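Side-chain atoms are counted along with the backbone in the values below, which use heavy atoms only and exclude waters and symmetry mates. All of these numbers come straight from a predicted model, not from anything done at the bench. Position 1 is the first residue of the sequence; numbering continues from there.
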Amino acid sequence: MLIEQLSPKDGALPGELLTELTALYASNREFHALSGDFPDPDDIRPEQVAVALADELANPDTEVLLARSEGRLVAIAITLAHHPDPADPDPWIGLLMVDASLHGQGHGRRLATHVENHFRKSGHPALRLAVLQNNPRALTFWTTLGYKVIAHRPDLQHNRPCTVLRKELPPWSE
């Protein structure tokens, strides 16, 4: 798996990449129906994906990672180095989404491990994320990877009920 950081050119995403990203987002209709992130989960448009990613990239602490396998975009991860709550010391995974046609092939696990190792190398002792309470498949995925439930609370942006998880990251050693 090849993982690269998303870097817009002159503030915009190249058309071919935006088409790939839109297909990846659209493949996850079930998630978008749960999250409400797009007005119509059956009609996710490139301009909507571009706006969503531009909003993420407007925060200098956010990193968007793209995962490819055999040249194909298979997953995206959005991380946040610092949570808006200053009392929260951990970085966060804001989104990890795998092309729905490729679920169960290990792409999500490999991308999550990459993110964990990135933050471990940076000296962070733990990593957090939130799962929508109405998304038991995601909760199972993350708990299988060793994340532990630490709280239940609404998310900051949309006030949706979420389960907050945290994973201890052992110190990095080469």
Check: Linking I/L/V/M/F/W/Y whenever any side-chain heavy atoms sit under 4.5 Å apart, do L129 and L34 land together?
Finding: no

Check: If you draw a 6.0 Å radius around CD in E4, do more than 12 non-hydrogen atoms from other residues or ligands fall strictly inside?
Finding: yes

Next item on the list: Determine whether the side chains of Y147 and E168 contain a donor N or O and an acceptor N or O closer than 3.5 Å.
Entry: no

Notebook entry, point to check: If you draw a 6.0 Å radius around CD in E16, do more than 12 non-hydrogen atoms from other residues or ligands fall strictly inside?
Noted result: no

Next item on the list: Using a cut-off of 6.0 Å, state whether more than 12 heavy atoms not belonging to E30 lie near its atom CD.
Entry: no

Checklist line | V74 vs R68 side-chain heavy atoms within contact, under 4.5 Å | finding: no

Notebook entry, point to check: Would a 4.5 Å heavy-atom cut-off, applied to side chains only, mark P170 and R120 as touching?
Noted result: yes

Item checked: K121 bridged to E116 by N-O distance under 4.0 Å -> no

Check: Which value, rounded to the nearest 0.5 Å, describes the distance between R153 atom CZ and N159 atom CG?
Finding: 12.0 Å

Next item on the list: Show the numbers, then the answer: is there a side chain to side chain contact (heavy atoms under 4.5 Å, CB included) between R137 and H103?
Entry: CA-CA 11 Å; R137 288 180 56 205; H103 284 178; 3.5 Å; yes

Notebook entry, point to check: Would L65 and V115 satisfy side chain to side chain contact (heavy atoms under 4.5 Å, CB included), going step by step from the backbone distance to the final call?
Noted result: CA-CA 9 Å; L65 302 173; V115 170; 3.9 Å; yes

Next item on the list: Report, as yes or no, whether the 6.0 Å neighbourhood of atom CD on E70 holds more than 12 heavy atoms from other residues, nucleotides or ligands.
Entry: no

Note to self: Under 4.5 Å between side-chain heavy atoms, counting indirect links through other Ile/Leu/Val/Met/Phe/Trp/Tyr residues: same cluster for V164 and L156 or not?
What the structure shows: no

Checklist line | Approximate separation, where rounding is to 0.5 Å, of L132 CG and D155 CG | finding: 7.0 Å

Margin query: Counting C-beta onward and ignoring hydrogens, is there a side-chain heavy-atom pair between F31 and L95 closer than 4.5 Å?
Written below: yes

Notebook entry, point to check: Given the rule that I, L, V, M, F, W and Y join up when any side-chain heavy atoms are under 4.5 Å apart, are L145 and L127 in one cluster?
Noted result: yes

Margin query: Applying a strict under-4.5 Å side-chain criterion to I, L, V, M, F, W and Y, I'd like to know whether L102 and L73 cluster together.
Written below: no

Checklist line | Basic-acidic side-chain contact under 4.0 Å: D40, R45 | finding: no

Check: Distance only, no hydrogens: is a donor on one side chain within 3.5 Å (strictly under) of an acceptor on the other, for H107 and R110?
Finding: yes

Item checked: Straight-line distance of S35 OG to H158 NE2, nearest 0.5 Å -> 8.0 Å

Checklist line | Among L80, I93, I150, side chain to side chain contact (heavy atoms under 4.5 Å, CB included) partner for R128 | finding: I150

Margin query: So, taking the atom named CG in L17 and the one named OG in S7, what distance separates them when rounded to the nearest 0.5 Å?
Written below: 10.0 Å

Margin query: Nearest 0.5 Å, please: how far is NE2 in H82 from CG in D61?
Written below: 4.5 Å

Check: With respect to V49, which candidate in L18, T19, L24, I76 satisfies the side chain to side chain contact (heavy atoms under 4.5 Å, CB included) definition?
Finding: L18

Item checked: Candidate pair D90 and F119, rule side chain to side chain contact (heavy atoms under 4.5 Å, CB included), full reasoning -> CA-CA 9 Å; D90 298 325; F119 285 114; over 6 Å; no

Note to self: Please evaluate residues L165 and T143 with respect to the criterion side chain to side chain contact (heavy atoms under 4.5 Å, CB included), reporting the C-alpha separation (whole Å), side-chain torsions for both, the decisive distance (0.1 Å), and the verdict.
What the structure shows: CA-CA 8 Å; L165 299 102; T143 56; 3.7 Å; yes

Check: Transitively linked via ILVMFWY side-chain contacts under 4.5 Å: I78 with W92?
Finding: no

Note to self: Check this for me, if you would: do D43 and R29 make a salt bridge, where the nitrogen-to-carboxylate-oxygen distance has to be below 4.0 angstrom?
What the structure shows: no

